Amino acid sequence: MASAIAQQAAALCTAQAPRQQTRSAAKAFVGAPVQRKQSILGRSIVQSSSKQQAAPRSSALKVYAIRDGATLDRPLRVAVIGGGPSGACCAESLAKGGVEAFLIERKMDNCKPCGGAIPICMVEEFDLPMEIIDRRVTKMKMISPSNREVDVGKTLNDKEWIGMCRREVFDDFLRKRATKLGANLVNGLYMGMDVGADTITIRYNEYKEGDKVGTPTTLDVDLVIGADGANSRVAKDIDAGEYDYAIAFQERIRIPEDKMEYYKDLAEMYVGDDVSPDFYGWVFPKYDHVAVGTGTVVNKTAIKQYQQATRDRAKVKTEGGQIIRVEAHPIPEHPRPRRVKGRVTLVGDAAGYVTKCSGEGIYFAAKSGRMAGEAIVKYSEGGKKMTGERALRDYLDEFDRKYWATYKVLDILQKVFYRSNPAREAFVEMCESNYVQKMTFDSYLYKTVVPGTPLDDVKLLVNTVGSLLRANALRSADSKSVNVSFGSKSNAEKVTAAA
């Protein structure tokens, strides 16, 4: 619910995200030149003059044989590395726009440990069929460290809901749709790239049906989109810089039908030092089971303890369940220091587009992939002309303008409300407000900054300050009543009492 405050703070920010004061010139890609078998462009390589090489900055510049804007005698070729929501949506936009797109993905049945929540606006914006959405959540429970429960969703109308999906189903649909629209889907593992003067050579291991060992293969393209997740190899190849990441751990649990009935349209979020020192635990309904998970940045080695605590908090409502799948995966905590270099850019988790507080990433991944693809189509005039860094930076500028304030404010709010159990108690207390709930759901469901009323905004500010003051008072006192530890008897008693 902190996103309601985030939206109000974002509304006060300028609609224009701060642009960088200077944009670095296109620099040389990492990696030594390789011997080319044959140029697909049929053009000679342009060499820098000795005078240019002697200039202080020219050694860092990459000179391409075909300049941006030059007319091509074949479609522009783009390799999209990674077939999740960001990569699939990027490949779809490219293929629809006349660009020859190659979507390279190794794990076609990947089950990422993801809550799988998508806003209702995404269903229409990305033309998603209802059959890939497992559940329509209309109710949520926010559960504090002391197991105080607040019902959330009272302001939703009968046509508003949060979609819950399984990533293996969701991602597969997006990939298949991109393929139907003309993208070339390749079952391959990206190994690296070599940048020549007129093309970029992708090195990958291709897997045919039934193959256990891939065949080393190369592909010449004009641009590369890194959509290969938090552990992006493309990001490493362009020296995108390190960033903090969370470990997300999730168990899929098939529970008895009567208990599944309880979760049919309900999601739960648990906060407390026991379930995560800097995030939250969740129980989200799926097709015929629930997903129980948590995440952390600051204490990754204790992730299984946090997961056990999440299961303990929810055990009365999931008792008798059977674990059918265990999943773990890194989740980025902020955008990478560098997201573009020459004719290579990053989208989705590879770029670091996961929000703090809520941990939302699916919508922003798909949106960034689409934006990148549309920028390339625009600047290449439908794949007819060469384009490069200018188009990619245009995508970054547009994304930052739309979402920079949201990311920044949610980052601050996570530090404020997830810093201690008393602060989390204050956070859950704020969620009881109908105004907070309405602002939160309106902004989440429709991805717009919703203007509030001045009087209600003042009340929200006063209530926020009051809650934080009480949290600070509790934090400084010995308030054992809101502290929960691993496997403690008091925690077990609280779980039983909550039932």
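Residue numbers run from 1 in the order of the sequence given. Values reported hereafter were calculated over all heavy atoms of this structure, with side chains retained and with hydrogens, waters and symmetry mates removed. Note that this is a predicted model, so its numbers are computed, not measured.
- Taking the ring pair (Phe, Tyr, Trp, His ring centres under 6.0 Å) definition, one finds that Tyr243 meets it with His334, sequence neighbours left out.
- Under the side chain to side chain donor-acceptor pair (under 3.5 Å) test applied with Arg343, the options Asp68, Thr387, Asp222 reduce to a single match, Asp68.
- Counted by atom type alone, Thr218 and Asp220 present zero donor-acceptor pairs between their side chains at under 3.5 Å.
- With a 4.5 Å cut-off on side-chain heavy atoms, Arg252 and Val290 do not count as touching.
- Side chain of Thr310 to main chain of Tyr306: a donor-acceptor pair is present (N/O by atom type, distance under 3.5 Å, no hydrogens or angles).
- Here Arg177 contributes atom CZ and Thr179 contributes atom OG1; the two are 11.5 Å apart, rounded to the nearest 0.5 Å.
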Thr440/Asp442 under side chain to side chain donor-acceptor pair (under 3.5 Å): CA gap, chis, key distance, verdict = CA-CA 6 Å; Thr440 296; Asp442 284 353; over 6 Å; no
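- When only modelled atom types and interatomic distance are considered, Ser276 and Asp278 share a side-chain donor-acceptor pair under 3.5 Å.
- Looking at Arg336, its side chain does come within 3.5 Å of a backbone N or O of Gly241 through a donor-acceptor pair.
- Between the side chain of Asp394 and the main chain of Ala391, no donor-acceptor pair closer than 3.5 Å is present.
- Legend: residues meeting ring pair (Phe, Tyr, Trp, His ring centres under 6.0 Å) with Tyr403, ordered by chain and number and at least two apart, are Phe364, Phe399.
- The cationic atom of Lys447 (NZ for Lys, CZ for Arg) lies less than 6.0 Å from the six-membered ring centre of Tyr363 and within 45° of the ring axis.
- Tyr379 and Glu381 share no side-chain donor-acceptor pair at under 3.5 Å.
- The pair Arg311-Glu251 meets the salt-bridge criterion, since a charged nitrogen lies less than 4.0 angstrom from a carboxylate oxygen.
- Put simply, CD on Glu105 and CG on Leu189 are 9.5 Å apart, with the number rounded to the nearest 0.5 Å.
- Separating the CE atom in Met108 from the CZ atom in Arg106 is a distance of 8.5 Å, to the nearest 0.5 Å.
- The backbone N or O of Val221 lies less than 3.5 Å from a partner atom in the side chain of Thr199, making a donor-acceptor pair.
- Side-chain contact between Glu160 and Leu445 is present, with heavy atoms from C-beta onward closer than 4.5 Å.
- Ala230 and Pro332 get closest at one heavy-atom pair: CB-CD, 3.8 Å.
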Step by step, would you call Asp265 with Trp161 a side-chain contact (heavy atoms from CB on, under 4.5 Å)?
-> CA-CA 9 Å; Asp265 57 359; Trp161 41 267; over 6 Å; no
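- Between Tyr407 and Tyr353, the closest side-chain pair of non-hydrogen atoms falls below 4.5 Å.
- With respect to the salt-bridge test (charged N to carboxylate O, under 4.0 angstrom), the residues Glu168 and Arg175 do not qualify.
- Using a 4.0 Å cut-off between charged nitrogen and carboxylate oxygen, Lys264 and Asp134 do not count as a salt-bridge pair.
- Lys176 contributes atom NZ, which lies 4.0 Å from atom CG of Asp172 (distance to the nearest 0.5 angstrom).
- Of all non-hydrogen atoms in Val99 and Val377, the two that sit nearest each other are CG2-CG2, 4.1 Å.
- Taking 4.5 Å as the limit, some side-chain heavy atom of Leu346 sits within range of a side-chain heavy atom of Ile238.
- Ion pairing of Lys341 with Asp239 is absent here, as no side-chain N (NZ or NE/NH1/NH2) approaches a carboxylate O to less than 4.0 Å.
- Between Arg393 and Asp397 there is no salt bridge, since no side-chain nitrogen of the basic residue lies less than 4.0 Å from a carboxylate oxygen of the acidic one.
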Check the pair Thr294 / Tyr280 against side-chain contact (heavy atoms from CB on, under 4.5 Å), numbers first and verdict last.
-> CA-CA 6 Å; Thr294 186; Tyr280 62 86; over 6 Å; no
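- Remark: Arg370 is positioned above the aromatic ring of Phe126, its terminal NZ or CZ atom under 6.0 angstrom from the ring centre and at most 45 degrees off the axis.
- Under the 4.5 Å side-chain criterion, counting only non-hydrogen atoms from C-beta, Ser86 is not in contact with Asp349.
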Going through the checks in order, is the side-chain contact (heavy atoms from CB on, under 4.5 Å) test met by Ile132 and Phe173?
-> CA-CA 8 Å; Ile132 69 170; Phe173 167 78; 4.0 Å; yes
With side-chain contact (heavy atoms from CB on, under 4.5 Å) as the test, would you mind laying out the steps for Ile331 and Ile247 before giving the verdict?
-> CA-CA 6 Å; Ile331 304 294; Ile247 289 294; over 6 Å; no
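- Using a 4.0 Å cut-off between a side-chain N of Lys or Arg and a carboxylate O of Asp or Glu, Arg203 and Asp194 qualify as a salt bridge.
- Salt bridge status for Asp171 with Lys107: absent, with no side-chain N to carboxylate O gap under 4.0 Å.
- Taken to the nearest 0.5 Å, the CH2 atom of Trp282 stands 14.0 Å off from the CD atom of Glu268.
- The side-chain heavy atoms of Val123 and Ile133, taken from C-beta on, include a pair separated by under 4.5 Å.
- Of the listed residues (Thr296, Val275, Val292), just one forms a side chain to side chain contact (heavy atoms under 4.5 Å, CB included) with Gln307, and that residue is Val292.
- Using a 4.5 Å heavy-atom threshold, the side chains of Leu128 and Ile118 count as touching.
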Can you list the steps and then say if Asp244 with Lys356 is a salt bridge (Lys or Arg N to Asp or Glu O under 4.0 Å)?
-> CA-CA 12 Å; Asp244 289 335; Lys356 294 288 187 73; over 6 Å; no
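- Looking at Asn205 and Tyr190, their side chains never bring a donor and an acceptor atom within 3.5 Å of each other.
- We find the CZ-CD1 distance between Phe284 and Ile162 to be 8.0 Å, quoted to the nearest 0.5 Å.
- Residues Tyr287 and Val169 fail the side-chain proximity criterion, which asks for heavy atoms closer than 4.5 Å.
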